Each structure stands twice: as structure tokens, then as C-alpha cells.
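Predicted model only: the values in this text are computed from it and were never measured.
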Amino acid sequence: MIKYIPISTSVLSQKMVKLREFVYIFLGNINYMKMVPGKITLETGEFFFGQIPESQQSCFGEIVFSTGMVGYVESLTDPSYAGQILTFTYPLIGNYGVSDPSSWESKKIHAKGVIMSEIEHHYSNHSATRSFPNWLEEQGIPFITGVDTRALTARLRVSGVTPGVISRQDVNPKEFEDFSGIHWVKQVSIKKPEIMGEGEKEVIVVDCGIKENIIRCLSQYPIRIKRVPYDYDYSNESFDGVFISNGPGDPMHCKETIAILKKVLLKKKPVFGICLGTQLLALAVNAKTYKLPFGHRSHNQPCMDLTSERCYLTSQNHSYAVDEKTLPADWEVTFRNLNDQSVEGIAHKQLPFFAVQFHPEAAPGPCDTQWLFKKFYELL
């Protein structure tokens, strides 16, 4: 059994916690949390030590990492992180606080837990309404700080993401959560249809855990949006196009979504998918998907448009990808990841069906590919 006990976390970090406690008390920060020794235990047996709030309960989930320098609010409120414990590789999290809920990607935090090298209690930003630690406490989200996130990330990159738990140091879990076996989309999708926007064209938006910024981007165009649950059968309704959203977990769980999409493709109306939507569109045409070793979670993934040979920096958050070899002959790969050569976009060669694995709506990340929303609107 391997134990990672870097000097930065086992000695210096604990001294910094005590120093910070003194400073916060001196400054009158009444919201300061008392921290106690904690640890991360991976299902494979490795330990990573840090500090957790004294009253915090153990937190189970699939441990993943994101290399983004900013955007912790948008990431944590992204429903695609449901069931996962998110490790931030950037060393300081919380320095600009937390903005008003109107700018979040959903109404709450969906990640099950947070792992950081250092958490900042004091913040400075004109739009912030609360501190990051207080926000986690309000939302009931467990976290651990003072962790050697570089060592943890190196472990995940080499051996792949794995189930784990955040707990006190004296807790030794025997069982872990089976992330891949849970239907996460069912948990985050809306329960009944919603209508929004005005326009001559109507778009069915299949909510598999959609980010609010996707809705904002679609709402920039004069269209009527009907947002429906993942298992809602809209195939016999009147519409001009279909959008399939992002979402968490294994796409193979969304059997109802795939079956409905197969019927809709026969109508030959425009279909646009993002992230999980790409995988579902591929499965609907009998292609296959697979799980990436450690996923793509960052704001600077380089993707090449194979038509123009132009490269874009993209925001991504996904665990699964499309198996290129299984795509039908009348489909093609349109974008490719330049880090690992995986599929980042697919399209039908003649019909108006296309999807991208990255997030053109960003939030957080670059907005260089938002033109894809315009492309979809023009196809309507």
C-alpha cells in the first residue's frame, strides 16, 4: 500500500493552517471553519493527506481532475460533474469568491466533493457575493485542502480516474461507489417540459444535464425552445430542430434518449449535440463509445477543424468518447483532439446532423467556437 506524504502537505501545510487560523481570528472572520486532519483514499489503496472541516462527513465519488486556472464556480455547478469529486490542479482556489446564482451553470453544485491545494477564505471581486468556503458549506459540499494535487493528478494521469473517498484520517473505508453503474443523467435532467423564448422556429432541447450557458447561447436567436427530460418522447411533435445537451456518466444508460433520437433522425431535421450529445448521436447511428483513461477537463484543449485545418482552444468536461472506427460510412469526423487524437466532432456527410465533444458555449473557457450555434440556427 502506497502512502503519499509530501513535506508540503504533512508539515508545512499544517503549519500554514494554524497561521491562517490565527490571522482570520485576528481579522474577525467569524465564518472561519475549524479544520482537522483528513485524507483521500483511492479504491486502489493510495492515500493523500490534507485538512477537512471538523464537522464534515465522509464523501464518496469518482475522483477526477481539471487543469483550469479559473472557473471553479461554473465547473462545480455543471451537472456533468454529478457523482464526481473534482480535483483542481491550480494551487489557489477561491481568491475571487462566488458570484450571484444568475451566472451559475445550474441552481446548485453537482460535484460530490472538492480537492484543492489551498482554499482562500478572503476574496476580491466586484461581482462576488460570498466566499468560496462559505459557499461550499451552504451547499453541503465536502472538501479537503492542503493536498499535494500535483502528486494526485500524476497518479490519475498514469493509472486513470478511480473511485475514492474524502474522510478523517482515522476512517478506513471498505467499499466504494460504482460511478459507472449509476444512471446520473436520470438524476440531473428536468422532470417535465419547459417552454421559453419566442420565434417562428421551434427547437427541442433534450436536457441530459444541460448547462445554463447553452440555454443562454441558444436564446440569442429568435427561436422557441422546448426543454424536455432525457426520456421525453417528442418524435411525433412538430419542431424544426433538435439539440442534445451535455450530461454526466456513461451514455449507454440513456437508452430511452437513444431510442427516441433514432426515430427523430428519420425526419432528417437539423440535430446538434454537445458533449454527451455527441456520444448519444453516435450511439443512435449504431456507433460505439468508450471511456477515456482520465477524461478531458480543462479550458485549453486543442482541437482541429478537419475541414478548414484551423485549430481552436476549447473548454471540455467529459469522460467518454466516440470510437471512430465504428462510425457508419455516411458519417465523418469533423474535429480531432490534438493531445490524444480522439474524436471531438462528428457529422453526417449529407444530412444536417452534427455534434461536438467540446463546449462551444464555454463558461468557463474560450468562446472561439460559439459560431456553431449560428450554424445550427441557419440550418433551421
Side-chain angles (χ1 to χ4, degrees), residues 64-68 71 74-75 78 80-81 157 160-161 208-211 213-214 217 243-252 254 261 270-349 351-376 379:
V64 300
F65 67 90
S66 171
T67 60
E74 294 90 338
S75 294
D78 180 352
S80 293
Y81 278 112
R157 280 185 60 88
V161 298
C208 298
I210 194 168
K211 292 172 60 183
N213 209 44
I214 291 177
C217 287
F243 176 85
I244 317 161
S245 84
N246 63 292
D250 189 340
M252 288 299 295
C254 302
L261 190 53
V271 176
F272 178 25
I274 286 179
C275 198
L276 179 71
T278 304
Q279 300 150 30
L280 295 176
L281 185 57
L283 291 170
V285 296
N286 299 317
K288 295 182 179 179
T289 58
Y290 65 97
K291 189 169 186 178
L292 295 163
F294 49 84
H296 296 163
R297 297 177 185 86
S298 69
H299 313 152
N300 61 349
Q301 291 279 335
C303 293
M304 179 175 283
D305 181 339
L306 300 183
T307 302
S308 66
E309 296 189 344
R310 179 176 178 178
C311 183
Y312 294 92
L313 287 181
T314 64
S315 178
Q316 298 193 22
N317 172 22
H318 62 100
S319 299
Y320 293 81
V322 175
D323 184 348
E324 179 178 354
K325 296 178 181 179
T326 65
L327 282 171
D330 51 355
W331 284 74
E332 62 184 350
V333 176
T334 54
F335 285 87
R336 190 176 299 284
N337 190 299
L338 297 183
N339 284 337
D340 61 8
Q341 301 302 307
S342 61
V343 173
E344 291 288 354
I346 60 173
H348 193 279
K349 293 180 179 178
L351 300 174
F353 311 148
F354 72 103
V356 291
Q357 192 65 71
F358 52 86
H359 285 268
E361 85 288 350
C367 304
D368 300 20
T369 55
Q370 283 195 358
W371 54 268
L372 290 166
F373 288 99
K374 183 178 180 181
K375 175 183 176 180
F376 177 57
L379 287 173

Could you check whether any side-chain heavy atom of [X] comes within less than 4.5 Å of a side-chain heavy atom of [Y], counting everything from C-beta outward?
X	Y	value
Ile214	Ile274	yes
Tyr81	Val64	yes
Tyr312	Asp305	yes
Lys291	Val161	yes
Phe354	Leu379	yes
Trp331	Val322	no
Ser66	Asn317	no
Phe353	Phe272	no

Can you give me the closest heavy-atom contact between [X] and [Y], atom names plus distance?
X	Y	result
Phe358	Pro360	O-CD, 3.2 Å
Asn339	Asn337	N-OD1, 2.7 Å
Gln316	Cys303	NE2-SG, 3.3 Å
Leu280	Leu261	O-CD2, 3.8 Å
Asn300	Leu313	O-CD2, 3.6 Å

> Just wondering, more than 12 heavy atoms not from Lys325 lying within 6.0 Å of its NZ?
Replying inline: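 Open.
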> In terms of heavy-atom contacts, does CE of Met304 have more than 12 from other residues, nucleotides or ligands at under 6.0 Å?
Replying inline: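 Atom CE in Met304 is packed in, count exceeds 12.
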> Donor-acceptor pair, Gln357 side chain versus Cys275 backbone, under 3.5 Å?
Replying inline: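 Yes, because the side chain of Gln357 sits within donor-acceptor range (under 3.5 Å) of the backbone of Cys275.
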>> Looking at Ile346, is its backbone amide N or carbonyl O close enough to the side chain of Thr334 to form a donor-acceptor pair, meaning the two atoms are under 3.5 Å apart?
In response: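 The answer is yes, because a donor-acceptor pair under 3.5 Å joins these two groups.
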> Taking it one step at a time, do Phe243 and Ile210 satisfy side chain to side chain contact (heavy atoms under 4.5 Å, CB included)?
Replying inline: CA-CA 10 Å; Phe243 176 85; Ile210 194 168; 4.0 Å; yes
> Any chance the side chains of Asn246 and Ser80 put a donor and an acceptor closer than 3.5 Å?
Replying inline: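 Yes, Ser80 and Asn246 have a side-chain donor paired with an acceptor closer than 3.5 Å.
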>> Do Asp330 and His348 pair up side chain to side chain, a donor and an acceptor below 3.5 Å, judged on atom types alone?
In response: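 There is such a pair (donor and acceptor under 3.5 Å, judged by atom type) between the side chains of Asp330 and His348.
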> Sequence neighbours excluded, which residues qualify as ring-ring contact (aromatic ring centres under 6.0 Å, His included) partners of Phe294?
Replying inline: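 If we apply the ring-ring contact (aromatic ring centres under 6.0 Å, His included) test to Phe294, skipping adjacent residues, the hits are Phe65.
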> Partners of His296 by ring-ring contact (aromatic ring centres under 6.0 Å, His included), sequence neighbours excluded?
Replying inline: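 Testing His296 for ring-ring contact (aromatic ring centres under 6.0 Å, His included), a comparison that skips the adjacent residues, returns His318.
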> Do Tyr320 and Tyr290 have their ring centres less than 6.0 Å from each other?
Replying inline: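 Ring-ring flag for Tyr320/Tyr290: false, centres at least 6.0 Å apart.
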Roughly how far, to the nearest 0.5 Å, is the [atom2] atom of [Y] from the [atom1] atom of [X]?
X	Y	atom1	atom2	result
Thr289	Leu276	OG1	CG	9.0 Å
Gln279	Cys208	CD	SG	10.0 Å
His359	His299	NE2	NE2	10.0 Å

Donor-acceptor pairs are to be reported for all side-chain atoms of residues 363-373 against protein atoms at under 3.5 Å, with residues two or more places apart or in another chain.
| unit_1 | atom_1 | unit_2 | atom_2 | d |
| --- | --- | --- | --- | --- |
| Trp371 | NE1 | Asp368 | O | 3.4 |

> For Ser319, what residues pass the side-chain hydrogen bond (donor to acceptor under 3.5 Å, both in side chains) criterion, not counting sequence neighbours?
Replying inline: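 Ser319 satisfies side-chain hydrogen bond (donor to acceptor under 3.5 Å, both in side chains) with Arg297 only.
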>> Give me each pair satisfying salt bridge (Lys or Arg N to Asp or Glu O under 4.0 Å) with a member in residues 307-324, each pair once, sequence neighbours excluded.
In response: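 Qualifying pairs: Glu324-Arg336.
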> For residues 279-288, which residue pairs qualify under salt bridge (Lys or Arg N to Asp or Glu O under 4.0 Å), counting only residues two or more places apart or in two chains?
Replying inline: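 Every candidate salt bridge (Lys or Arg N to Asp or Glu O under 4.0 Å) pair involving residues 279-288 fails, so no pair, neighbours aside, qualifies.
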> Run the side-chain hydrogen bond (donor to acceptor under 3.5 Å, both in side chains) check on Gln301 and Glu344 step by step: do they pass?
Replying inline: CA-CA 10 Å; Gln301 291 279 335; Glu344 291 288 354; over 6 Å; no
